[in-house]
Amino acid sequence: FSYDNDSFKRSSFSVTPSLAKPINSQTLVGIDLGFSVGSSKFTNDNTTSTSNSISYSPAVFYQRFYSLTDKIFFNWQARATVGFLKSVNEGEFAKTTERSMSYGVWVGPGISWKVMNRVLLNGSMGGASFTFNDREAGNSSFFGVSFNNPQFGFSFLLN
């Protein structure tokens, strides 16, 4: 967004590949390997500040399916995540580096479509989560329920 003579720009990229193994015809267990990078820049007449971040967030999950049709399933998923974040902030007078580690759990409903024998397309509109963030600048915790955070992706099933 931009306002007056100030401007703020942000860009980011993230990817979270999943690998899952069926433990029966209705249940998967799997892992996610999350990675993201981001940068932002704030500029006004007097100063410029930048921030760059990189994070890793591996997770394990349990997913249960309920058949709606041959290829479409309602599901719910429970996930436990650990995250590692490094952020470098640079302003006119100082440069700081912050490292943090977070631990979280998430539970949410979704819809899956079996596109091929070993590939599922997945969608979710939110869920409930709890996160504890262990930061150098001080710890924090967060509990949230969101129904406006759509997530889309795919899963490869291993034999």
Side-chain angles (χ1 to χ4, degrees), residues 1-21 28-64 73-113 115 119-158:
F1 61 87
S2 293
Y3 52 94
D4 296 328
N5 292 327
D6 301 339
S7 76
F8 179 78
K9 295 180 180 168
R10 172 145 178 81
S11 61
S12 63
F13 170 78
S14 66
V15 62
T16 307
S18 295
L19 293 174
K21 178 164 180 52
L28 296 176
V29 293
I31 60 171
D32 288 341
L33 302 170
F35 171 78
S36 71
V37 293
S39 67
S40 62
K41 183 176 184 179
F42 175 77
T43 306
N44 67 20
D45 292 339
N46 302 321
T47 186
T48 297
S49 61
T50 61
S51 176
N52 295 299
S53 64
I54 185 167
S55 69
Y56 304 93
S57 55
V60 295
F61 66 88
Y62 175 90
Q63 191 169 18
R64 175 80 177 178
F73 305 89
F74 170 80
N75 67 73
W76 65 269
Q77 186 179 99
R79 167 186 313 271
T81 305
V82 61
F84 308 94
L85 171 70
K86 178 182 176 185
S87 179
V88 178
N89 305 298
E90 190 168 355
E92 186 175 354
F93 301 109
K95 180 177 181 178
T96 60
T97 300
E98 182 179 338
R99 290 175 180 80
S100 66
M101 194 166 179
S102 62
Y103 310 91
V105 292
W106 178 87
V107 176
I111 297 289
S112 295
W113 174 34
V115 179
V119 178
L120 293 176
L121 291 180
N122 301 301
S124 170
M125 292 304 290
S129 64
F130 174 78
T131 303
F132 175 78
N133 196 1
D134 183 11
R135 300 178 8 208
E136 293 171 343
N139 299 335
S140 64
S141 60
F142 173 78
F143 173 76
V145 176
S146 65
F147 294 104
N148 59 354
N149 184 19
Q151 298 176 357
F152 301 97
F154 54 92
S155 298
F156 294 108
L157 308 178
L158 304 175

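- With a 6.0 Å radius and a threshold of 12 heavy atoms from other residues, nucleotides or ligands, W113 has its CH2 atom at or below the threshold.
- Here the straight-line distance linking atom CZ of F8 with atom OG1 of T43 works out to 10.5 Å at 0.5 Å rounding.
- Put simply, CZ on R64 and CZ on F74 are 12.0 Å apart, with the number rounded to the nearest 0.5 Å.
- Residues forming a side-chain contact (heavy atoms from CB on, under 4.5 Å) with T16 (at least two apart in sequence, or on another chain): D32.
- G123 approaches F152 most closely through the heavy-atom pair CA-CD2, 4.0 Å.
- Rounding to the nearest 0.5 angstrom, the gap separating the CD1 atom in I31 from the CG atom in L19 is 5.0 Å.
- Taking N52 as the reference, S39 meet the side-chain contact (heavy atoms from CB on, under 4.5 Å) condition, with sequence neighbours excluded.
- We find the OH-CG distance between Y62 and L28 to be 9.5 Å, quoted to the nearest 0.5 Å.
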Task: Trace of the side chain to side chain contact (heavy atoms under 4.5 Å, CB included) decision for F35 with I54 - done: CA-CA 8 Å; F35 171 78; I54 185 167; 3.7 Å; yes
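- Screening S57, S55, S14 for a side-chain hydrogen bond (donor to acceptor under 3.5 Å, both in side chains) with S36, the sole residue that qualifies is S55.
- Across all non-hydrogen atoms, the minimal contact from Q63 to S112 is NE2-OG, 4.2 Å.
- Remark: side-chain polar atoms of S49 are not paired, donor with acceptor, to backbone N or O of E90 under 3.5 angstrom.
- Expressed to the nearest 0.5 Å, how far OH of Y103 lies from OG1 of T131 amounts to 12.5 Å.
- Counting non-hydrogen atoms of neighbouring residues, nucleotides and ligands closer than 6.0 angstrom, the CZ atom of F154 reaches no more than 12 such neighbours.
- When every heavy atom of T48 is checked against every heavy atom of K41, the shortest pair comes out as CG2-CE, 3.6 Å.
- Rounded to the nearest 0.5 angstrom, S53 OG and E98 CD are separated by 11.0 Å.
- Smallest separation of non-hydrogen atoms from W106 and S129: CD1-CB, 3.7 Å.
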- [ ] Let me see the working for N122 and Q77 under side chain to side chain contact (heavy atoms under 4.5 Å, CB included), right down to the final yes or no.
- [x] CA-CA 11 Å; N122 301 301; Q77 186 179 99; over 6 Å; no
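- F42 has its side chain out of reach of S51: every pair of non-hydrogen atoms, C-beta onward, lies at least 4.5 Å apart.
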